[in-house]
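As the structure lists them, so they are numbered: ligands from 1, and atoms in each ligand from 1.
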Amino acid sequence: MQFLDLPPVLEASGTVRLPGSKSISNRVLLLAALAEGETDIRDLLASDDVERMLDALRALGVDWRHAPGTNNYRVRGAGGPFPVKVAALFLGNAGTAFRPLTAALALSGGSYQLSGVARMHERPIGDLVDALRQIGADIDYLGNDGFPPLQLRPATIRRGGVVKVRGDVSSQFLTALLMALPLTGEEVAIEVVGELISRPYIAITLDLMARFGVRVTHENWGRFIVPGGARYVSPGTLFVEGDASSASYFLAAGAIGGGPVRVEGVGSSSIQGDVRFAEALEQIGARISMGDNWIEASAPASGRLRAFDLDLNHIPDAAMTLAVAALFADGPCRLRNIASWRVKETDRIAAMAIELRKVGADVEEGADYIRVTPPATLQPAAIDTYDDHRMAMCFSLVSLGGCRVRINDPKCVNKTFPDYFAALSGVVTPVPVVAIDGPSASGKGTVGARVAEALGWHHLDSGTLYRLTALSAIRRGVDLGDAAALSALAAALPARFDGGRVLLGDEDVSDEIREEACSVGASRVAVLPAVRDALFGRQRDFRQGPGLVAEGRDMGSTIFPDAQVKVFLTASAEARAERRYKQLIEKGLPAKLESLMQDLRERDARDAARSVAPLQQQPDAVLLDTTSMDVDAAVAFVLDLVRDRGLATG
Ligand SMILES: Nc1ncnc2c1ncn2[C@@H]1O[C@H](COP(=O)(O)OP(=O)(O)O)[C@@H](O)[C@H]1O
Ligand SMILES: Nc1ccn([C@@H]2O[C@H](COP(=O)(O)OP(=O)(O)O)[C@@H](O)[C@H]2O)c(=O)n1
């Protein structure tokens, strides 16, 4: 399984240009395909769901062209039903393609097979099929009743009259009918049965249909009239707004991570309901400002979002972002009236509950609500994403809690936002790391500790973890080649660091781990991949604000490959042996220069030759050879690097 590790973040601020709206992109493509004339569509979303729609339109005989290097498309409309009368369409997991195409194809007088991925075949479509059957459409279920895949056949469609459709499972059924019914040419009334959910999505549909010349009226969102003699006519050029649901992650980032974070592409003139996410964020304390085409969010003056209890029926997709924002609130939060989450890309209520618990939240889920009690401190976790782009994007926000987070299967964001993680990294400042790697006695520990102190940052001497593992093993008589036993020891190591002291349980072992036996032992256990794995997360957990200085052999290559400063610290073997000798004698520990030299050479060789995380200078590391340099100069050199990168002032 692929994964993406997001580092803990210090703060969020900056500007993001949003990709095109998925809802608008797929609606506009279908309307342009059915319309008379050519439509120039600007800033179309480039994503999997839109690809599925584009592929389908081409298979149905609609001619479209893409202007290379842009997100602009020209669609030559069919001026009515689709010209190709027999087709098999694969629509992935794109609800915004599947539902509207089902309705439009049911009225196109052809034989069409529509299928998708396994999850698409678990997402209900029965209410739409029932509505279409009322007017004579010939539709069969090829799998389970009420679900895709579907077989559509030519049929005599009753024109005019009344069609009833349920509105309480997915508003896409109504959207699909609204967009397709003008193909009949007669006035039709659509009556919504049950309470209409996600109304703002219907507003988008009506707005876009009007731009293509078909004006639908409605009575209080319960009864809609598609006028007689309606035909779609291209509006010429049409700009796709930025995606308001995608905006939610960045606005939340601003509200949690300080801000201001500005999104461009949506604003007060947007037709997308999800811009109202900004209002919800404001209600819970965030500072929001807005222009026609942008929205900006900053953290509350108090620094902390307020606990909330909100009905989020009108913004079901963006509401997911609030479920994760709840981790940063000052008390338990309740998200209500979100039953539609259960039939989306995955059962989002269940998925959200499982993953929020992983980071430490206490979660209660009901049929149509979720209650999130934030933990005192977030726990690092590996988040499963359920092939659901929004799960991946939402949980990236955990990193704003100064907590590392792993996102499994990060490519699921391709559904709506292929560049999401790059866009996110453009507005967040990860906790900075100075990684110092190098051979034994090159001065890593001394320089690292001094640099950390000068910056006021945390310090990790990773070698002590290997030394402690060796010490525990020696004490318990564990064989230094027994990978399974050693990795179990390493994983459960009761290590604590207190000032300059190293504790194993309550015992101060600072000196003991420096003795020859531990040095040799550490070097031996360190070649075992299982031991290195067992210590991996523990080392990463040292990365906390305001920053970390980490030293060892693989800080820059493996543990913190994204470290902002990487130093390869070295000195000649003779210089290093002499330093070690002096160091041990000063501590009153036994030492012989010759055997130290010998040991050092052997350890250097083992570190450089091992298969996992060998010691070598990284291409992006700065070489610092201290053979003829004193400690002060070495410390000053590293501090200069840190300041040059703009990571610390003073
Ligand atoms: N640039 C330097 N010049 C002289 N002595 C140094 C220098 N850097 C470190 N030392 C000394 O060398 C000894 C070993 O350094 P240490 O920091 O323990 O190395 P490492 O952590 O790389 O094994 C210490 O006594 C330290 O004071
Ligand atoms: N990041 C690290 C740190 C130490 N080690 C191993 O752990 C041993 C002890 O590390 P250390 O940094 O305390 O050793 P010295 O450099 O002080 O001799 C080294 O000999 C390395 O083999 C490692 O493999 N990876």
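Protein heavy atom at the shortest distance from atom 4 (C) of ligand 2 is Gly463 CA, 3.6 Å. For atom 8 (C) of ligand 2, the closest heavy atom belonging to the protein is Ala522 CB, 3.7 Å. In this structure, the protein non-hydrogen atom closest to atom 1 (N) of ligand 1 is Met629 O, 2.8 Å. The shortest contact between atom 19 (O) of ligand 1 and any protein heavy atom is with Gly443 N, 3.1 Å. The shortest contact between atom 10 (N) of ligand 1 and any protein heavy atom is with Arg579 CD, 3.7 Å. In this structure, the protein non-hydrogen atom closest to atom 12 (O) of ligand 2 is Arg553 NH1, 3.2 Å. Protein heavy atom in closest approach to atom 17 (O) of ligand 1: Thr446 OG1, 2.5 Å. Among all protein heavy atoms, the one lying closest to atom 3 (C) of ligand 2 is Ser462 OG, 3.3 Å. In this structure, atom 7 (O) of ligand 2 lies nearest to the protein heavy atom Tyr466 CB, 3.5 Å. Shortest contact from atom 6 (C) of ligand 2 to any protein heavy atom: Ala526 CB, 3.6 Å.
Interface of Asp607 with ligand 2, defined as ligand atoms under 4.0 Å from a residue heavy atom, comprises 20 (O), 21 (C), 22 (O). Taking every heavy atom of Asp554 and a limit of under 4.0 angstrom, the matching atoms of ligand 2 come to 1 (N), 2 (C), 25 (N). Every atom of ligand 1 is numbered from 1 in the order shown, and the set under 4.0 Å from a heavy atom of Gly445 is 17 (O), 20 (P), 21 (O). Every atom of ligand 1 is numbered from 1 in the order shown, and the set under 4.0 Å from a heavy atom of Ala441 is 19 (O), 20 (P), 22 (O), 23 (O). Ligand-side atoms of ligand 1 in range of Pro439: 22 (O), range being under 4.0 angstrom from any heavy atom. Listed by atom number, the atoms of ligand 1 under 4.0 Å from Thr626 heavy atoms are 1 (N). Each of the following atoms of ligand 2 lies closer than 4.0 Å to a heavy atom of Met555: 1 (N). Ligand-side atoms of ligand 1 in range of Arg580: 14 (C), 18 (O), 23 (O), range being under 4.0 angstrom from any heavy atom. Counting the atoms of ligand 2 from 1 in the order shown, those under 4.0 Å from a heavy atom of Arg514 are 13 (O), 17 (O).
Note on Asp554 versus Arg532: salt bridge recorded, some NZ/NE/NH1/NH2 to OD/OE distance being below 4.0 Å. By the 4.0 Å N-to-carboxylate-O rule, Arg540 lies close enough to Asp5 to be salt-bridged with it. For the pair Arg371 and Asp362, the salt-bridge criterion is not met [side-chain N within less than 4.0 Å of a carboxylate O]. The existence of a salt bridge linking Arg475 and Glu507 is confirmed by a sub-4.0 Å separation between a basic side-chain nitrogen and an acidic carboxylate oxygen. A salt bridge between Glu574 and Arg601 is present, with a side-chain N of the basic residue lying under 4.0 Å from a carboxylate O of the acidic one.
Residue Ser442 places a heavy atom under 4.0 Å from ligand 1. Within the 4.0 Å heavy-atom shell around ligand 1 one does not find Ala633. The shortest separation from a heavy atom of Ala441 to ligand 2 is under 4.0 Å, placing the residue in contact. Using a 4.0 Å heavy-atom cutoff, Arg606 is absent from the residues neighbouring ligand 2. At a 4.0 Å cut-off, at least one heavy atom of Arg580 sits close enough to ligand 2 to count as contact.
Residue-to-ligand polar distances place Gln583 within reach of ligand 1: an N/O pair is separated by less than 3.5 Å. Among the atoms of Arg603, some N or O lies under 3.5 angstrom from an N or O of ligand 2. Considering backbone and side-chain atoms alike, Arg610 places an N or O below 3.5 Å from some N or O of ligand 2. Between Ser440 and ligand 2, at least one pair of N/O atoms sits closer than 3.5 Å. Checking only distances, Arg467 does come within under 3.5 Å of ligand 2, N or O to N or O. Considering backbone and side-chain N/O atoms, Glu551 never comes within less than 3.5 Å of an N/O atom of ligand 1.
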Go through it in stages, so that I can follow the logic: the residues are Tyr249 and Tyr420, the test is ring pair (Phe, Tyr, Trp, His ring centres under 6.0 Å), and I'd like the CA-CA distance, side-chain angles, deciding distance and then a yes or no.
CA-CA 10 Å; Tyr249 312 108; Tyr420 175 72; 5.7 Å; yes

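Between the side chains of Lys358 and Gln379, no donor-acceptor pair of N or O atoms lies under 3.5 Å. Inspection of the Ser523 and Arg467 side chains reveals no N or O donor paired with an N or O acceptor under 3.5 Å. Judged purely by distance below 3.5 Å, without hydrogens or angles, the side chains of Asn414 and Asp48 never pair a donor atom with an acceptor atom. Side-chain atoms of His459 and Glu551 form a donor-acceptor pair, as typed in the model, at a separation below 3.5 Å. Using modelled atom types, one finds no donor on one side chain facing an acceptor on the other under 3.5 Å when comparing Gln598 with Glu594. Between the side chains of Arg580 and Ser440, a donor-acceptor pair is found at a separation under 3.5 Å. Side-chain contact check for Ser47 and Asp49: no donor-acceptor pair (N or O, by modelled atom type) lies under 3.5 Å. Using modelled atom types, one finds no donor on one side chain facing an acceptor on the other under 3.5 Å when comparing Thr15 with Arg262.
For the side chain to side chain contact (heavy atoms under 4.5 Å, CB included) criterion with Asn408, the lone passing option out of Met1, Gln2, Glu355 is Met1.
Between Arg524, Arg576, Arg532, Lys444, it is Arg532 that holds the heavy atom closest to atom 24 (O) of ligand 2.
Between the side chain of Arg610 and the main chain of Ala613, a donor-acceptor pair closer than 3.5 Å is present.
Counted within 6.0 Å of CG on Asp506, heavy atoms from surrounding residues, nucleotides or ligands total 12 or fewer; the atom is thus considered open.
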